[in-house]
Structures are given as structure tokens and as C-alpha cells.
Amino acid sequence: MDRDDAMPDPIRAGLAEEGFFGLTVPRAWGGDEAPAEALAAVLAELSRESAAVATFLAVHLSVAAAPIAEWGSDEQRRRYLPAMARGATLGAFGLTEPGSGSDAGALATRYRREDGGYVLDGSKMFITNAGSAGITLVFATRDPALGHAGISAFLVPTETPGFSVRQRLDKLGIRGSETTELVFQSARLPRDALLGHEGSGLKIALAALTGGRVGIAACALGVADAAFEELQRLAKESPEDWKRSLVARAYADVRAARALIEQAARQKDRGEPYIEEASSAKLFASQTAVRVASAAMDIAGPAGAVAGARAGRLWRDARVFPIVEGTTEIQELILGRRLVGT
Ligand SMILES: Cc1cc2nc3c(=O)[nH]c(=O)nc-3n(C[C@H](O)[C@H](O)[C@H](O)COP(=O)(O)OP(=O)(O)OC[C@H]3O[C@@H](n4cnc5c(N)ncnc54)[C@H](O)[C@@H]3O)c2cc1C
């Protein structure tokens, strides 16, 4: 997967067969309704082997199926969730644009009301799964002058006329998880493509991302765990004090990351506010993944930089996690504002 940057079909088929695509989807719509804590455990375990597979599933469940389950009408749930739970329809989440990422409220993809439906124009960048997705949750503004109140969320089926995938990006890490640019050229949507109500788009996006962060933190934890295993293996081959120190620090960090993720997931499962916990878990787990994978690279030496080296792949995979679903600086911003005030 790392070399070819493609997910083999049997992996997707296997995930579907084992019921992974419906793990957290409500039972009423064909899923297992598993709690966030179970999802985090599953994603961390999958990510120990493949961060790409874990990210593929995390996006489908946390930021595509979950918002449909939470904000969708019964008709929208009936139309999409059972197929998503079976793995027949893959979900994607389209918020980032070539000109807006961290400041999601500044997005420029426009929509207008026309003939009882909506027409979208613009583009989205770095969208996971979208090249193979059956349904993408897309955020667009009626008028940028309206600010956050102008943003709405739309359910965009892949076959929508005027909607296309322009390019698939050749990434440093999590290769095999596809990341694409999406284009909307007078893309026509029916009235019932609107998720929630007009103007509620940013609220839906931010709520989805808070939940998504726990899953992404778990994906980062899986990479950190795998990197720890590699670090320990390499250190044992020729033990020295500086290597023991790296292993000791990594051991504590990986356990702390796991504890933060479990705390955030449990709080979500109890229906309690968990914004600080989700940001803390995402911030710490993603940095832990980078730190532990860098330590494995330090011990591996030049062998870690050769194509096919496990330490090198984990380091490249790890580096993606401080970026996706809110960068490290954005987690600091969220936490700082909530803990200190604006
Ligand atoms: C592999 C991958 C998969 C992705 N999948 C998706 C997806 O499925 N859907 C989707 O919508 N997006 C996706 N993204 C996009 C990702 O969410 C954005 O890249 C991220 O939010 C950052 O936005 P940006 O790239 O525009 O960077 P910018 O917002 O331009 O940030 C650049 C740098 O500036 C810093 N910065 C920005 N604002 C501030 C501030 N106020 N204070 C301090 N520092 C700041 C950032 O932390 C960052 O270091 C993906 C990205 C990657 C790499």
C-alpha cells in the first residue's frame, strides 16, 4: 500500500464483511451502535498495522456517517446509513478548500437556491476517501458576507452532475488513503440534499470534527504504538543508555496518549461535554506519534531512511496526524480560548 498508494480491494471487502463500516452507526439504520470508546480501540488497533486503513474508516464513520445520523432527516438516514453501514457506500467530509483550512468559516464554495433545489460552485482540497465515496458531506456558503451564518451542509452523491474529482494527491504518509481535490461546476442538488437547516453548516462541521478528533487521536495512537514496538526492538538489538531513555520516554507518552483518548471517548459516551478532552487527546496523541516515530528513526539510523523501512513509513504516517482535523496550533487555540477565555 505504501509503495503503490492504493488500498487493495480485499481490504475494503474484508472491512465490510466484518461489519466495520457500521460500527458506530445506530442499530435502527443497520449498524452496531458501538460507543466511541470501542471505535477508538478499533481504530488504534487497525492503525498499528495501517494508518491509511484506520483513517479511511475513521473519516467514513466519524465525520460522514455520524453527522448524517445526528442531523439528517429520517429520509436522509434511510437513504444513506444502511448502505454506509454495509460498506456499499463510502462517506467523505469536504470542508477544506485551496484557500481555507484552519479558518473553516472563510470557505468560498458558493451555493444558490434555484428551481427548488441548490446549485454549488467552487472546490475542496485534501478530501479523504472522496475519490471512492458514494456520498460526500460538503460545506458551502450562500454569501461570504453572511459569515458563519451563511454556511450550509449538503449531502452530495458522487453521481451529481457538475461534481467531479480533479486530482488525487501523492502524499508523504498514510499512503493508500486517498486524498483528492473536488470541483463543483454548477453542481445541481435537490432540496433534500440540505443537511440540517440553512445556516447550520459550520455548527455541523465543528460538532463532527470534535467527535472526529477522538478517532484521529486513536489513529495517531496506533502509529505511536507501532513506532514504540519498532523503537524497543531496535534498542534491544544494541542496548545503550541513550536508547533506553528514548524507549522510557516513549513508553510513558504512549500510555498517556491512550489514557487521554479513553477519557475523551468515555465522556462523549456519557453525553458530557468533551471538547477540551478531544482537543487534548488529538494534540498529545499526534505529537506522541511524531516523537516516538522520530526516536525510532534516530535508532534505526540510515536504514530507517531506505524505502520499505518500517521506521521510515511510521515517521511519514505520523507526520500527517498533527495536520488533519485541526492542526496542533488549532487545538492549542481551542484549548487556550476555553481555558483562559477570549
Ligand atoms: C492527509 C490529509 C487528509 C485530509 N483530509 C481532509 C478531509 O477529509 N476533509 C477536509 O475537509 N479536510 C481534510 N484535510 C485538510 C486538513 O484538515 C487541513 O489541512 C488542516 O485543517 C489545515 O488547513 P490548511 O491546510 O489550510 O492549513 P492552514 O490553515 O493554512 O495552516 C497552515 C499552518 O498555519 C497554522 N495556523 C493557521 N491558523 C492559525 C492560527 N490562527 N494560529 C496559529 N497557527 C495557525 C496551522 O496550524 C498550520 O501549521 C486533510 C489534510 C491532510 C494532510
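Every number for a ligand or one of its atoms is a count from 1 in the order of the listing. Atoms considered below: every heavy atom in the structure, side chains included; atoms not considered: hydrogens, waters and symmetry mates. Count residues from 1 along the sequence.
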Using a 4.5 Å cut-off on heavy atoms from C-beta on, say whether the side chain of S132 contacts that of M7.
no

Polar contact flag for T128 and ligand 1 (N/O pairs, less than 3.5 Å):
yes

T288 OG1 to L221 CG distance, which is reported to the nearest 0.5 Å
8.5 Å

Nearest-0.5 Å distance that lies between atom CZ in R244 and atom CG in L246:
12.0 Å

Do you see a protein non-hydrogen atom under 4.0 Å from atom 20 (C) of ligand 1?
yes

Does the N or O separation between L95 and ligand 1 drop below 3.5 Å for any pair?
yes

Within the 4.0 Å heavy-atom shell around I127, which atoms of ligand 1 are there?
7 (C), 8 (O), 9 (N), 10 (C), 11 (O)

Between S177 and K171, is there a side-chain donor-acceptor contact under 3.5 Å, judged purely by atom types and distance?
no

Under the 3.5 angstrom rule, does the side chain of T96 hit a backbone N or O of G101 as a donor-acceptor pair?
no

Do any N/O atoms on K171 end up under 3.5 angstrom from N/O atoms on ligand 1?
no

Nearest neighbour of atom 25 (O) of ligand 1 from the list F321, F126, F139, on a heavy-atom basis:
F126

Can you check whether D103 has an N/O within less than 3.5 Å of an N/O in ligand 1?
no

Just wondering, do L182 and F163 contact through their side chains at under 4.5 Å, heavy atoms?
yes

Is the closest basic N to carboxylate O distance between R313 and E230 below 4.0 Å?
no

Atoms of ligand 1 close to E325 [distance to a heavy atom under 4.0 angstrom, numbered from 1]:
17 (O)

V59 near ligand 1 by a heavy-atom separation under 4.0 Å:
no

Rounded to the nearest 0.5 angstrom, the OG-CE distance for S100 and M125 is 12.0 Å

Identity and distance of the protein heavy atom lying nearest atom 40 (C) of ligand 1:
I330 CD1, 4.2 Å

Where the closest heavy atom to atom 46 (C) of ligand 1 is concerned, which of T328, L169, I174, T327 has it?
T327

I'd like to know if R233 pairs up with E237 as an ion pair, taking the criterion as any Lys NZ or Arg NE/NH1/NH2 lying under 4.0 Å from an Asp or Glu carboxylate oxygen.
yes

Determine, considering heavy atoms only, which of E332, R175, E329, Q331 sits nearest to atom 43 (C) of ligand 1.
E329

Can you find an N or O of S102 that's nearer than 3.5 Å to an N or O of ligand 1?
yes

Tell me: protein heavy atom nearest atom 2 (C) of ligand 1, and distance?
V324 CG1, 3.3 Å

Output yes when a protein non-hydrogen atom is found under 4.0 Å of atom 52 (C) of ligand 1, and no otherwise.
yes

Report yes if M125 has an N/O atom closer than 3.5 Å to an N/O atom of ligand 1; otherwise report no.
no

What protein heavy atom is closest to atom 24 (P) of ligand 1, reported as residue, atom name and distance in Å?
G101 CA, 3.8 Å

Within the structure provided, determine whether M84 and W29 are in side-chain contact (heavy-atom separation under 4.5 Å).
no

For atom 41 (N) of ligand 1, the closest protein heavy atom turns out to be L333 CD2, 4.0 Å

Taking all non-hydrogen atoms of both residues into account, name the closest pair between D170 and R175 and its distance.
OD1-NH1, 2.7 Å

Between ligand 1 and T96, is the shortest N or O to N or O distance under 3.5 Å?
yes

Near V320, which atoms of ligand 1 are under 4.0 Å from a heavy atom of that residue?
1 (C)

Is any side-chain N of the basic residue among E198 and R142 closer than 4.0 Å to the acidic one's carboxylate O?
yes

Heavy-atom distance under 4.5 Å between the side chains of E329 and S102, does that happen here?
no

Look up atom 30 (O) of ligand 1 and tell me if a protein heavy atom lies less than 4.0 Å from it?
no

Considering both backbone and side-chain atoms of F93, is one of its nitrogen or oxygen atoms within less than 3.5 Å of a nitrogen or oxygen in ligand 1?
yes

